Amino acid sequence: MPELPDVEVFRRYFDATALHQVVTGVEVREPRMLKEAAPDQLSEAVTGRQFARSARRGKNMFVELSETATNLLLHFGMTGQLKYFRNPEEEPGHTRVLFSFENGYHLAYDNMRMLGKVMILADRDAYIRQESLGPDALDLDSETFVELMTGKRGMIKSAFMDQTLIAGLGNIYSDEVLFQSRIHPKRSVPDLDQGELETLFHQMKEVLHTAIERQVNVADFPAEYLIKHRDAGETCPRCGGRIEKIKVSSRSTYYCTQCQK
DNA sequence: AGTACCACCTGACGGC
DNA sequence: TGCCGTCAGGTGGTAC
């Protein structure tokens with residue numbers, strides 16, 4: 001699930017629930033989720049502290065811990081989510097790390113496929129540099145966007161998926177931005193003119209803001225969004241053309257054969 | 001530099 | 001009912 005809008009919704013949910021709470025314990029149910037770090041290290045870094053502030057860069061969520069420069073990093077992979085709850089029966093089925101608070105509530109980091117990661121970062125900026133993460137898609141201005149795309153080769157969809165160029169868009173939202181911009185996912189970046197780049201920039205912001213505003217609840221998305229018609233043989237909600245499925249950089253890609261050129 | 005493919009993981013679904 | 005292949009909204013390594 002988690003692309004930029006999903007992670008932003010998780011972050012706001014976190015702010016409304018777990019923020020400022022005192023952590024009384026950390027239970028690492030699945031040590032593989034921590035990558036190189038040891039469960040003790042996570043527990044030691046978090047227990048007794050408060051979640052002081054949250055931040056997000058692309059699909060990465062950071063939580064600053066009180067009285068230290070340390071950050072908790074949450075990456076959600078394809079199936080990650082957060083859940084705040086009190087009663088054990090409300091705990092989600094694939095809880096990998098469980099944080100408990102003084103008030104008796106818990107925060108579950110749930111992740112069925114475990115493709116994400118949970119880490120303790122001594123230096124958040126060093127992590128961003130190490131991962132070569134590009135600027136967050138929602139922080140970009142039009143000039144910077146055009147600059148980044150200028151000099152980039154290859155297909156436009158691959159460029160959107162490249163987290164070192166722009167952080168936040170994944171498979172679904174790249175398709176949506178291209179659909180709303182009426183641009184074919186395999187168009188090569190150097191072939192795009194100034195007007196097309198500006199359209200892509202505008203639609204990128206529009207799509208991301210719309211998704212966040214609707215809490216990533218697809219049923220509440222505008223009727224003319226591709227996300228509601230992601231199926232080969234479906235009808236384009238805009239022009240009545242046929243939606244086709246192809247592969248772009250080995251990811252399933254849906255587009256309208258009639259209005260995306 | 002860009003792209004294709006494999007690997008990491010689990011689970012759902014369709015076909016036989 | 002059960003087994004098998006395929007697919008899934010992410011990302012890193014490797015080889016061409």
Side-chain angles (χ1 to χ4, degrees), chain A residues 1-10 28-37 56-61 73-82 92-97 108-119 127-134 136-137 148-180 185-192 204 207-208 210-212 214-219 221 225-233 243-255:
Chain A
M1 199 201 312
E3 298 182 36
L4 185 154
D6 309 84
V7 178
E8 181 59 20
V9 170
F10 294 161
V28 177
R29 301 270 178 80
E30 184 46 83
R32 284 177 294 174
M33 207 71 249
L34 272 44
K35 306 300 164 192
E36 72 269 24
R56 185 189 54 70
R57 171 91 163 231
K59 305 170 190 173
N60 299 274
M61 178 172 156
L73 164 77
L74 301 177
H75 189 286
F76 298 94
M78 285 175 73
T79 54
Q81 57 170 335
L82 294 177
H94 304 279
T95 299
R96 307 307 188 188
V97 180
Y109 170 88
D110 179 273
N111 194 336
M112 183 183 80
R113 287 175 68 187
M114 299 194 288
L115 293 175
K117 58 189 168 186
V118 175
M119 290 175 76
Y127 174 80
I128 289 169
R129 279 196 302 276
Q130 181 194 313
E131 298 288 305
S132 313
L133 274 183
D136 187 83
L148 287 171
M149 288 296 177
T150 306
K152 184 80 180 165
R153 285 181 293 169
M155 297 178 281
I156 181 62
K157 174 159 176 181
S158 309
F160 272 128
M161 305 264 291
D162 180 358
Q163 303 300 298
T164 69
L165 188 70
I166 298 170
L169 291 155
N171 199 31
I172 290 277
Y173 287 99
S174 296
D175 280 5
E176 191 65 58
V177 170
L178 290 163
F179 177 77
Q180 295 302 329
K186 284 192 166 179
R187 286 281 300 282
S188 94
V189 179
D191 286 351
L192 299 168
M204 177 181 79
V207 164
L208 295 174
T210 298
I212 293 167
R214 318 276 163 118
Q215 307 266 316
V216 199
N217 195 343
V218 174
F221 280 30
Y225 266 41
L226 175 69
I227 195 169
K228 301 182 118 173
H229 307 269
R230 278 179 78 77
D231 230 334
I243 303 297
E244 192 170 293
K245 177 184 178 180
I246 57 174
K247 292 276 183 193
V248 177
S249 40
S250 45
R251 305 296 303 278
S252 291
T253 301
Y254 294 86
Y255 77 105

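Excluded from the calculations below are hydrogen atoms, water molecules and symmetry mates; all remaining heavy atoms, backbone and side chain alike, are included. Worth saying up front: this structure is predicted, and the values here are computed from it rather than measured. Numbered from 1 within each chain, the chains take letters A, B, ... in sequence-line order.
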Quiz item: Who passes side-chain contact (heavy atoms from CB on, under 4.5 Å) against Val216(A), sequence neighbours left out?
Solution: Pro5(A), Asp6(A), Val9(A), Tyr173(A)
Quiz prompt | Spacing of the P atoms in dC6(B) and dG5(C) (rounded, Å) | solution = 15 Å
Practice problem: Map Arg113(A) and Val248(A) onto DNA chain B by nearest heavy atom, then report which one ends up closer to the 5' terminus. | Solution: Val248(A)
Exercise. Go through the structure and list residues passing salt bridge (Lys or Arg N to Asp or Glu O under 4.0 Å) with Arg32(A), not counting sequence neighbours.
Key: Glu30(A)
Quiz item: For Tyr127(A), what residues pass the ring-ring contact (aromatic ring centres under 6.0 Å, His included) criterion, not counting sequence neighbours?
Solution: none
Quiz item: What does Met114(A) touch in the nucleic acid at a heavy-atom separation under 4.0 angstrom: a base, only the sugar-phosphate, or nothing?
Solution: sugar-phosphate
Self-check item: Gap in Å between the two P atoms, one belonging to dG10(C) and one to dA1(B), rounded
Solution: 24 Å
Practice problem: For Phe179(A), check ring-ring contact (aromatic ring centres under 6.0 Å, His included) against everything at least two apart and list the hits. | Solution: none
Quiz item: So, Asp110(A) side chain and His94(A) main chain: donor-acceptor pair closer than 3.5 Å or not?
Solution: yes
What's touching nucleotides 11-15 of chain C from the protein side, N or O pairs under 3.5 Å?
| unit_1 | atom_1 | unit_2 | atom_2 | d |
| --- | --- | --- | --- | --- |
| dT11(C) | OP1 | His75(A) | NE2 | 3.0 |
| dT11(C) | OP2 | Lys59(A) | NZ | 2.6 |
| dG12(C) | OP1 | Glu131(A) | OE1 | 2.8 |

Quiz item: Between which nucleotides of DNA chain B, read 5' to 3', does contact with chain A run, using atoms under 4.0 Å from its heavy atoms?
Solution: dA1(B) to dG11(B)
Exercise. Write down the distance between CG (Asp231(A)) and C1' (dC7(C)), rounded to a whole number of angstrom.
Key: 13 Å
Exercise. May I have the distance from Phe160(A) (atom CZ) to dG9(C) (atom P), rounded to whole angstrom?
Key: 18 Å
Exercise. Look at the side-chain N and O atoms of Lys245(A) and state whether any lies under 4.0 Å from the OP1 or OP2 oxygen of dA8(C).
Key: yes
Quiz item: What pairs with Arg251(A) under side-chain contact (heavy atoms from CB on, under 4.5 Å), at least two apart in sequence or on another chain?
Solution: Met161(A), Asn171(A)
Quiz item: Any sub-3.5 Å donor-acceptor pair from Arg57(A)'s side-chain atoms to Gly134(A)'s backbone N or O?
Solution: yes
Exercise. Any chance you could encode DNA chain B as dot-bracket? Rule is Watson-Crick or G-U wobble with both distances under 3.5 Å; [ ] for pairs crossing earlier ones, | for another strand.
Key: .|||||||.|||||||
Quiz prompt | Residues which pass ring-ring contact (aromatic ring centres under 6.0 Å, His included) with Tyr225(A), listed by chain and number, not counting sequence neighbours | solution = Phe221(A)
Self-check item: Distance below 4.0 Å between Thr79(A) side-chain N/O and dG9(C) OP1 or OP2
Solution: no
Quiz prompt | side-chain hydrogen bond (donor to acceptor under 3.5 Å, both in side chains) involving Asp175(A) - partner list, sequence neighbours excluded | solution = Lys157(A), Arg230(A)
Quiz item: Hey, does Ser158(A) reach any base, or is it just sugar-phosphate, or nothing, if we go heavy atoms under 4.0 Å?
Solution: sugar-phosphate
Exercise. Pick the P atom in dA8(C) and in dA4(B), then give their distance to the nearest Å.
Key: 16 Å
Quiz item: Can you list the residues that meet the ring-ring contact (aromatic ring centres under 6.0 Å, His included) rule with Phe76(A), with sequence neighbours excluded?
Solution: Phe10(A), Tyr109(A)
Quiz item: When the distance from CG of Asp6(A) to P of dA8(C) is rounded to whole Å, what number comes out?
Solution: 17 Å
Quiz prompt | Counterpart residues, side-chain contact (heavy atoms from CB on, under 4.5 Å), relative to Lys35(A) (two or more places apart) | solution = Lys117(A)
